[in-house]
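Below: one structure, written as structure tokens.
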Amino acid sequence: MKILVNAETKDVSAHVLSDILVELGYGDVKIATALNEAFVAKMARTQTNVVAGDRLEIVTPRQGG
Amino acid sequence: MWLRATGLKLSPQGRVAEMRQFYGTTLSSRLMLGTAQYPSPAILSDAFWRSDASVATVSVRREAGRGGEGQDFWDLIAALGVKVLPNTAGCHSVREAVTTAHMARELFDTTWIKLEVIGHSDTLQPDPFGLVEAARILCDDGFEVFPYTTEDLVLADRLLEAGCQVLMPWGAPIGTGLGLNNIYGLRSLRAHFPDVAMVIDAGLGLPSHAAMAMELGYDAVLLNTAVSKAGDPAQMAKAFACAVEAGFLAHQADPMPARDMAAPSTPVIGKAFLE
């Protein structure tokens, strides 16, 4: 299915957020996530279903002022 | 006790030791420093060591390289040994800011959040209505909110009512380096809320701006661009550290009142040739 990952269209086969992150290469990376603009805690990723067209945000620590 | 940046020894009264707490945390210095726009990670680290800053502001941004860059940056910050203050920079809506705050809390494992809800793209001034709403949501959810605000007294009052225990009024718009644009307003804000921890955040360009903020009685300053965009960021960081301490010491020393008319400092009595 096609979803938006950080505003880019990605084709993924998994339907659970934790599996999608592994599929995209973020399995052991320090990240935080939001789905359709709502925060999804790390503990909740295994219970979060993703459907076609969903908007997934994946963020990491960065410089800031 | 010796002041870390300047090497100055305290007077016996030791008033400089009275560091105000930020949500129960006593900081080791009155300078908070941003981590953006440095020429290199090595220069960022050097600037932090020279600044003696106690807090580093950071952000969360979209991951493009599957973790490498973010992890490298996090390792760099962790090595500095300072308190981390994540921000919601660039957020223009309450929902965006709240979601970003939650992501930051999980990433950085801290309840501290520098809350920015931007209301105008040109001036980057806060949206006061969204700021209060987001602050209330986050305070209720256990965050310790550092709101980026203006010198507006009513807005400050609303933020305190929302649960904020720290206020961070701007000196001038972010990145301008203009210094303290509204001295009267900042002095008034300080006077109206003498027991609230307050940090001048944004708009500082020179160490003298930081010294002036501290002379007004503010508890700390937060800056980024003035150091990171200086020709020599590490030396400018040191200059700000000295200025912050100088301004604080001056405030504690109870400055003389200004006056319009001249008054000779050398005694007139006893002057030769005086008829």
Side-chain angles (χ1 to χ4, degrees), chain A, chain B residues 32-38 41 44 56-78 84-90 93 95-96 98-109 114 116 124 141 148 174-175 201-202 222-228:
Chain A
M1 66 176 176
K2 285 184 169 37
I3 62 172
L4 279 176
V5 179
N6 290 346
E8 289 185 14
T9 302
K10 299 282 185 183
D11 207 343
V12 296
S13 56
H15 291 269
V16 176
L17 179 54
S18 55
D19 295 335
I20 290 174
L21 292 173
V22 171
E23 186 178 336
L24 293 173
Y26 295 107
D28 55 355
V29 177
K30 186 179 181 67
I31 57 169
T33 55
L35 189 64
N36 300 324
E37 299 178 22
F39 171 64
V40 181
K42 185 176 183 179
M43 298 291 288
R45 290 175 195 160
T46 55
Q47 289 89 43
T48 301
N49 292 316
V50 179
V51 299
D54 276 354
R55 302 180 309 281
L56 174 60
E57 294 286 339
I58 303 172
V59 297
T60 59
R62 286 299 166 83
Q63 298 84 351
Chain B
M32 303 179 180
L33 196 56
T35 58
Q37 300 184 315
Y38 289 83
L44 185 159
T57 53
V58 295
S59 72
V60 300
R61 285 293 180 264
R62 284 173 169 169
E63 178 54 51
R66 298 192 175 174
E69 189 178 345
Q71 187 63 52
D72 289 349
F73 173 69
W74 177 239
D75 291 343
L76 178 72
I77 297 304
V84 172
L85 176 59
N87 67 30
T88 64
S93 72
R95 184 175 187 186
E96 196 180 7
V98 168
T99 300
T100 301
H102 278 278
M103 292 194 287
R105 180 163 67 176
E106 185 173 83
L107 265 184
F108 296 106
D109 193 25
K114 178 188 166 185
E116 295 184 29
L124 299 181
D141 201 16
Y148 163 63
I174 295 169
D201 173 22
L222 196 169
L223 55 108
N224 189 149
T225 314
V227 166
S228 66

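The chains referred to below are lettered A, B, ... by the order of the sequence lines, with proteins before strands, and numbering in each begins at 1.
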Atom pair [atom1] ([X]) and [atom2] ([Y]), whose distance is rounded to the nearest 0.5 Å:
| X | Y | atom1 | atom2 | value |
| --- | --- | --- | --- | --- |
| B/Asn87 | A/Arg62 | CG | CZ | 13.5 Å |
| A/Thr60 | B/Phe73 | OG1 | CZ | 9.5 Å |
| A/Glu57 | B/Glu63 | CD | CD | 12.5 Å |

Options A/Ala7, A/Ala38, A/Pro61, ranked by heavy-atom pairs under 4.5 Å with chain B, top entry: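 Among A/Ala7, A/Ala38, A/Pro61, the one with the most close pairs to chain B is A/Pro61.
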Heavy atoms from other residues, nucleotides or ligands near CD of A/Glu8 exceed 12 (cutoff 6.0 Å):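 Result for CD/A/Glu8: open.
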Greater than 12 external heavy atoms within 6.0 Å of B/Asp109's CG: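 12 or below, so no.
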I need the residue from [options] with the largest number of non-hydrogen atom pairs under 4.5 Å to chain A.
| options | result |
| --- | --- |
| B/Leu107, B/Ile174, B/Leu222, B/Leu223 | B/Leu107 |
| B/His102, B/Met103, B/Arg62 | B/Arg62 |
| B/Leu85, B/Val58, B/Leu33, B/Asn224 | B/Val58 |

Salt bridge (charged side-chain N to carboxylate O under 4.0 Å, His left out) partners of B/Asp75, counting only residues at least two apart: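 Per chain and number, B/Asp75 pairs via salt bridge (charged side-chain N to carboxylate O under 4.0 Å, His left out) with no residue.
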B/Thr99 side chain vs A/Glu37 backbone, donor-acceptor pair below 3.5 Å: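 It does hold such a pair.
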NZ/NE/NH1/NH2 to OD/OE distance under 4.0 Å, B/Glu106 and A/Lys30: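 Not counted as a salt bridge, because no side-chain N and carboxylate O are separated by less than 4.0 Å.
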Closest approach of B/Ala36 to A/Gly65 (non-hydrogen atoms, all atoms of both residues):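 Looking at all heavy atoms of both residues, the closest pair is CB-N, 4.4 Å.
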